[in-house]
Structures are given as C-alpha cells and as structure tokens.
Amino acid sequence: MQRTKVKELLTGAEEGKEVLLKGWVRTKRGNKFVNFIAVNDGSTIQNLQVVADAEKFGEESLKDVTTGAAVAITGQLVASQGKGQAFEIVANTIEVLGKADPETYPLQKKAHSLEFLREIAHLRFRTNTFGAVFRVRNTLAFAVHKFFNEKGFVYMHTPIITASDAEGAGEMFHVTNFDLENLPRTQDGKINYEEDFFGKATNLTVSGQLEGELAAMAFSDIYTFGPTFRAENSNTARHLAEFWMIEPEMAFHDLKMNADLAEEFIKYIIRYALEHNREDIEFLGQRLVEEDKAKPQNERQEMTLLEKLEFVVNNNFERVTYTEAVDILMNSPAYKKKKFQYEVSWGIDLQSEHERYLVEKHFKKPVIVTDYPKDIKAFYMRLNDDGKTVAAMDILAPGIGEIVGGSQREERMEILVERMKGVGIEEEDLWWYLDTRRFGGCPHAGFGLGFERMVQFVTGMGNIRDVIPFPRTPKNAEF
RNA sequence: UCUUCCUUAGCUCAGUCGGUUAGAGCAUCUGACUGUUAAUCAGAGGGUCCCUGGUUCGAGCCCAGGAGGGAGAGCCA
C-alpha cells in the first residue's frame, strides 16, 4: 500500500478507504478500551488522530507507541466522532518502526522553552513551533527563487571562498590547509601565504556583491542566494556567524528602481507565505499572543502576526531621506524629553533606538531610508550631486531593524578610485572589479537581504537562532 | 566586546534571616476510568543545588574566580 501524507489525508479525499500512515507519535491517551494516537509527519502542523481498539491490539503491542516513536499504521480513514478533527483513522495494524524510550526522550507532550529546545536542535524540528518555522522558511526560500525567476533574473553562484578582503563588510573567517602547529614563515617572520592551498590568503565570503556586479554587467539582472560568514563577536538575537543572504544586482537601475524592487520583492515573498503556510503562521501568531499575556498591557503587540503581515503586504513602505529622518528624530517628543541615549545630529549613523523610533513609533510600518552621509557608508556607493551623501538605502522593519541594505553603485571610475583610496584599498587588489568600470560600465544598483531576518519577520520569532536549523554563533557550533 | 539578569529534579520554577531530612507544577512509572483533544483522578520514584576555591560551628543562600545561557548595546544583514 502506498503511504499517504497527513496533509493529504486531512483533505478527506480518501474517506472510507484503507490507508497507510507513517509518522511520529505526538501523544497517546485513552483507557483500557480505546486509545487515541496523534501522529505527525511534518507535512502539516496538524496531527492525524488514530483510534486504536485497546482490546484488539492488547496492552503489549501498544506499549511502545509512545511520544516520539516512529510508526506505520494502516486503517480506514473515517469522519471523526470527536470534536477536534474532521477525519481520523481506525487502526487495523500498528507497527512501531523506531521506539522512543519515554524515560529518556527529551521532548514531552508539553511546551518547552525555546532556550531548552535550542540545546536539542537536532530534535526541535519535531515540535509544533519549529515545524511551523521551518516550513515557512522553506516556502520563503522557494518564493525568493520564484520571484526572481519570473522577472528574468539569473541565479548566480558566487564563490564561498574568496581572496577579496576589501569589502569592509565585516570580520572574516580564514580558510587554510596550513598545519596550524607549524606555519611556514617568510624571512621577516610573517606567515607565508604563498605556500597555502590557494597561494594567497583566503577567507569565507562576507558578501557576493562584488562578484554579483560582474555578472550583472553581462546578464543585466542577477541574484545570489547563499551562505555568508561573518566572524564578528556579535552576541545578539539578530546576528549569526553563518547566515543566508539574497543579493540582487541590476544593470541600468538607479536608487529608486532599486528600492521599488526591494519593496515588491519583500511583499511578494510574504504574500506567498501567507497563501501557502497560513496554518503555520496562524499557529506562530497564537504563540505570540500567549507570550504577550505574560507582559504588561503597554508592551503587548497592537496587531497579531497575521494582521501585521497583511498590513505590510497591503501598504506602501514609507520612504524618507536620511536628512528627513534626522529632522523627524530631532523634532520628536522623545528627543525633546532626552529619551535617546545617543546624540542625534546630521552625520551620525542612526542607532538602534533611532531606527526603532522611526519604524515602531513614528511611521508604524517598514521604512526605506535613503541618501546617507558618504562617510558612514561603503566606498562603492554612488556619490550624490551634493557631494556629501551617497545613493544608499536601508529598509527597516518593525521588531527586526535593518532587513535590507543596498545602494546604487558608483560607476564613475575616477570617483570610485578616489573613494577606495579614502578607505585604504589598493587599486590592484580590486583590478577585476574596476574592469567593470573600465569596460562597458553603466549605472547599476543592488541590495542585500538577510534571509534569516526575513524569516524572523514572517514567523515573529524573536531570536535569529530559532529560524536557522543549526545556528552558528560565537562559542557555539554544536550539531 | 560592554552592561545587566540568570544557572536548584527530565522540563518550568519556588526556596524566608546562613540553621534539622531541599519543595511545587508538569513529565515519567504504577493503578483507576467506555471517545480522548497537551484527557482526567489517585499513588510512587526521581537531586553533583553549574564548577573551583574561600568565610563560617554550619552555605542552595555570603565572598572571589571560572563556565554556560537570556535580555539590551556596539558591529551589521
């Protein structure tokens, strides 16, 4: 008999038929006459209830049907007599494929803290919450490819190992096959990277952007979607040492077109998740409502998760320049009451508290901030005509902060070289990058979106370590 | 890296002023119960009080150092 997944069984299409169910036991309850076994196979957040006649199977054969055990069950799919579900299976045969000793199996049929589940990340997929989170993550990843594919973008695989160390995006992990106990040295005592695997110092990529720009100068529109590594000692709920980033790069795009695309993209993938994972998102939203009950009234969310996502999808993002944002902050009641810990003035980098004020208090929706002072942004961002700002944009999301960082790129050779000099990057280190300005250069733009932050936003999970299967953070690389 | 809080049963957490044998709920086990919804009811078992050192007649509680975790900040996506 062909196995049918729970998601399919719950449609009731096979009502009255003999079916084969395979999955993992969530709970078993009942008495000496009848047992109810809730089985989940990951295809949906819902369990399928199996009704087992206790006299027919006997105590002994049901003994190993415990929380966490893998089972194969045949039986008739029927309309349920109980209230909690539309359909259930009346069992004919029950086979335990893999036992789970209840004395030592860590997951119980009760709620666990997220911190505890993080310590057993290899088992946490089996919970309702993480099942929902990772189904949503999968849907969002698929939607990323679908969106760009429909727009004719080329999916470009940029290198994971790179020798380029001039991007300034963050601290890097070294890649080497040196014997670390016995490093080859040059005459002046420095490590001799010429003897290393690649003949030069290499590291894990911190961004595929520069390589993405190269490809955009041929395919017009490309995107990358792959792992990214930062060796920063960041211990926060929104940083990982290994994360997934999406970086589109478009020839002949200016900053406005860039922002338009980013907004359309974000709305598209959220809408896609709302259409395909509604049950999961409703469950995750309910989790937040329960969590909120423990908080004082004024700290509770105004909107449910579902309402928030629908609001984002159905409303335009607010757009302000950096200069306007600073004006708003300086005229805000919070500023006048000296509520900000950090000083606000034109030229400063906006602090978390400032971004949160703009997004959560002032506009109450995602905000695109553009045209930052050139001194606080990367060298490759295009200098505006005022000579003091660059065509950069950040998209700030409620509760998450910066979710997108992007810019129109500097396509004018002389200005780009001058800005590289300003931050101490040698021309010859990026000769290949400058070739795109030398040969057939054109205005172009792109952005980077942290995929995990997007998953956080859609699932409402407060800690980024709970939206990637096996988080890599300082002092933690378990599993 | 900084600030701050936390670490007691499998899990979540109480533990008074430093004082006899360290508690609760849930989970687990045993029993009861004719359709349950994280079933219910009764009973039982279960402890390296994070580690190391110190103060004290006496430390889960006080002090010092260390480890791990949470929240916030910086850096950023």
Side-chain angles (χ1 to χ4, degrees), chain A residues 26-38 46-55 59 63 66-68 78 80-85 88 90 100-120 127-128 167-171 206-209 227-247 262 294 340-342 349-356 376-378 394-397 400-406 447-457 462-468 473-476 478:
Chain A
R26 283 295 175 79
T27 69
K28 183 179 75 172
R29 52 185 171 262
N31 48 50
K32 67 177 162 186
F33 301 97
V34 60
N35 271 262
F36 302 94
I37 307 160
Q46 289 182 277
N47 302 327
L48 187 62
Q49 173 160 288
V50 174
V51 185
D53 185 327
E55 286 174 312
E59 214 170 280
K63 185 170 60 71
T66 57
T67 300
V78 298
S80 178
Q81 298 174 32
K83 286 238 170 63
Q85 57 283 316
E88 64 191 18
V90 178
D101 177 8
E103 296 272 17
T104 51
Y105 184 61
L107 293 173
Q108 306 166 356
K109 44 183 181 180
K110 55 167 271 193
H112 291 287
S113 69
L114 296 175
E115 291 81 12
F116 172 68
L117 292 171
R118 218 172 281 151
E119 290 170 12
I120 49 166
T127 64
N128 286 333
E167 294 158 27
E171 290 292 315
V206 291
S207 164
Q209 182 200 314
T228 309
F229 307 87
R230 304 270 166 94
E232 306 280 353
N233 189 10
S234 295
N235 294 287
T236 78
R238 45 180 203 291
H239 288 90
L240 292 164
E242 175 183 301
F243 64 100
W244 288 64
M245 191 152 64
I246 297 147
E247 296 179 287
F340 292 132
Q341 192 188 334
Y342 289 87
D349 207 353
L350 298 179
Q351 302 291 323
S352 287
E353 57 175 354
H354 305 141
E355 294 180 352
R356 294 187 65 156
I376 59 171
K377 286 292 178 183
D394 283 357
I395 300 184
L396 311 174
I400 311 289
E402 187 177 341
I403 198 165
V404 164
F447 61 86
L449 180 143
F451 184 57
E452 281 75 18
R453 291 196 182 165
M454 196 66 221
V455 180
Q456 270 191 284
F457 187 71
N463 193 314
I464 200 164
R465 292 160 205 186
D466 296 330
V467 298
I468 189 166
T473 52
K475 301 277 188 287
N476 183 10
E478 194 64 59

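We use all heavy atoms of the structure for the numbers below, so side chains are in, but hydrogens, waters and symmetry mates are not. Proteins get letters first, then strands, A, B, ... in listed order; numbering begins at 1 in each.
- Residue contacts for I403(A): at a heavy-atom cut-off of 4.0 Å it reaches the sugar-phosphate backbone alone, with no base atom in range.
- As rounded to whole Å, 11 Å separates atom P of rC75(B) from atom CD of E402(A).
- Between the C1' atom of rC76(B) and the CD1 atom of I376(A) lies a distance of 13 Å, rounded to the nearest Å.
- When each of M245(A) and Y105(A) is assigned the nucleotide of RNA chain B with its nearest heavy atom, Y105(A) is the one assigned upstream, toward the 5' end.
- Rounded to whole angstrom, the span from the NZ atom of K83(A) across to the P atom of rU36(B) amounts to 9 Å.
- Remark: the separation of the C1' atoms in rU8(B) and rG23(B) is 10 Å, to the nearest Å.
- Remark: the separation of the P atoms in rC61(B) and rC49(B) is 10 Å, to the nearest Å.
- Within 4.0 Å of E355(A), counting heavy atoms only, lies no atom of the nucleic acid at all.
- Among the protein residues, A111(A) comes within range of the nucleic acid bases, having at least one heavy atom under 4.0 Å from a base atom.
- Remark: the R230(A) side chain and the T228(A) side chain contain no N/O donor-acceptor pair separated by less than 3.5 Å.
- Remark: S80(A) engages Q85(A), E88(A) in a side chain to side chain donor-acceptor pair (under 3.5 Å) (not counting sequence neighbours).
- Remark: P of rG10(B) and CG of D101(A) are 14 Å apart, rounded to the nearest angstrom.
- Counting heavy atoms from C-beta on, the side chains of R118(A) and D466(A) come closer than 4.5 Å.
- Among the heavy atoms of the strands lying under 4.0 Å from F116(A) are primed sugar atoms or P, OP1, OP2 only; no base atom is included.
- Distance, I120(A) CD1 to rC11(B) P: 9 Å, rounded to whole Å.
- Residue S113(A) places its side chain closer to rU12(B) than to any other of rA38(B), rU34(B), rU12(B).
- Out of rC11(B), rU37(B), rU12(B), the shortest distance to the side chain of H112(A) is found at rC11(B).
- E232(A) places a side-chain N or O within 3.5 Å of a backbone atom of E171(A) that can act as its donor or acceptor partner.
- To the nearest whole angstrom, the two P atoms, one in rA44(B) and one in rC6(B), are 34 Å apart.
- Separation of the P atoms belonging to rU36(B) and rC41(B) is 15 Å when rounded to the nearest angstrom.
- Using atom P as the reference point in both rC11(B) and rG72(B), the two lie 25 Å apart (nearest Å).
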In B/S/- notation (B base, S sugar-phosphate only, - none; protein heavy atoms under 4.0 Å), nucleotides 26-32 of chain B written 5' to 3' is BSSS---
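- Of the candidates I400(A), L449(A), I246(A), L449(A) is the only one forming a side chain to side chain contact (heavy atoms under 4.5 Å, CB included) with M454(A).
- Here the CG-CZ distance, from L107(A) to R26(A), works out to 8.5 Å after rounding to the nearest 0.5 Å.
- When atom types are taken as modelled, the side chain of K109(A) and the backbone of K28(A) share a donor-acceptor pair closer than 3.5 angstrom.
- Using modelled atom types, no side-chain atom of T67(A) and backbone atom of Q108(A) make a donor-acceptor pair closer than 3.5 Å.
- Nucleotides rA39(B) and rG35(B) are separated by 10 Å at their C1' atoms, to the nearest Å.
- The side chain of Q85(A) lies closest to rU36(B) when the candidates are rU36(B), rU12(B), rA39(B).
- What separates CD of E247(A) from C1' of rC76(B) is a distance of 13 Å, to the nearest Å.
- Side-chain N/O atoms of R29(A) include none lying less than 4.0 angstrom from OP1 or OP2 on rU36(B).
- Rounded to an integer number of Å, the gap from CG of N47(A) to C1' of rU37(B) is 10 Å.
- In this structure, T127(A) and L117(A) have side chains that are in contact, with non-hydrogen atoms separated by less than 4.5 Å.
- Atom CH2 of W244(A) sits about 9.0 Å away from atom CD of E452(A), to the nearest 0.5 Å.
- Under the 4.5 Å side-chain criterion, counting only non-hydrogen atoms from C-beta, R238(A) is in contact with Q456(A).
- Among the atoms of the strands shown, base atoms are found under 4.0 Å from some heavy atom of S80(A).
- Side chains of V404(A) and D394(A) form no contact here, defined as non-hydrogen atoms less than 4.5 Å apart.
- Scanning for ring pair (Phe, Tyr, Trp, His ring centres under 6.0 Å) contacts around F457(A) gives an empty result, with sequence neighbours left out.
- Scored by the ring pair (Phe, Tyr, Trp, His ring centres under 6.0 Å) test, F116(A) finds H112(A) as partners (sequence neighbours excluded).
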Applying the Watson-Crick and G-U criteria (both distances under 3.5 angstrom) with [ ] for crossing and | for other-strand pairs, one obtains for RNA chain B (((((((..((((.....[...)))).(((((.......))))).....(((((..]....))))))))))))....
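- The distance between atom CG of N31(A) and atom P of rU37(B), rounded to the nearest whole Å, is 11 Å.
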Give every pair of a protein N or O atom and an N or O atom of nucleotides 66-74 of chain B that lie under 3.5 Å apart, one pair per line with the distance.
from	atom 1	to	atom 2	distance (Å)
rG70(B)	OP1	R118(A)	NH1	2.6
rG70(B)	OP1	R465(A)	NH1	2.9
rG70(B)	OP2	R465(A)	NH1	3.0
rA71(B)	OP1	N463(A)	ND2	3.3
rA71(B)	OP2	N463(A)	ND2	3.2
rA73(B)	O2'	Y342(A)	OH	3.1
rA73(B)	N6	N235(A)	O	3.2
rG74(B)	OP1	Q351(A)	OE1	2.5
rG74(B)	OP1	S352(A)	N	3.3
rG74(B)	OP2	S352(A)	OG	2.9
rG74(B)	N2	N233(A)	O	3.3

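- Only the P atoms considered, rG46(B) is 12 Å distant from rG10(B), to the nearest whole Å.
- Distance check on atom P: rG31(B) versus rU21(B) gives 35 Å, rounded to whole Å.
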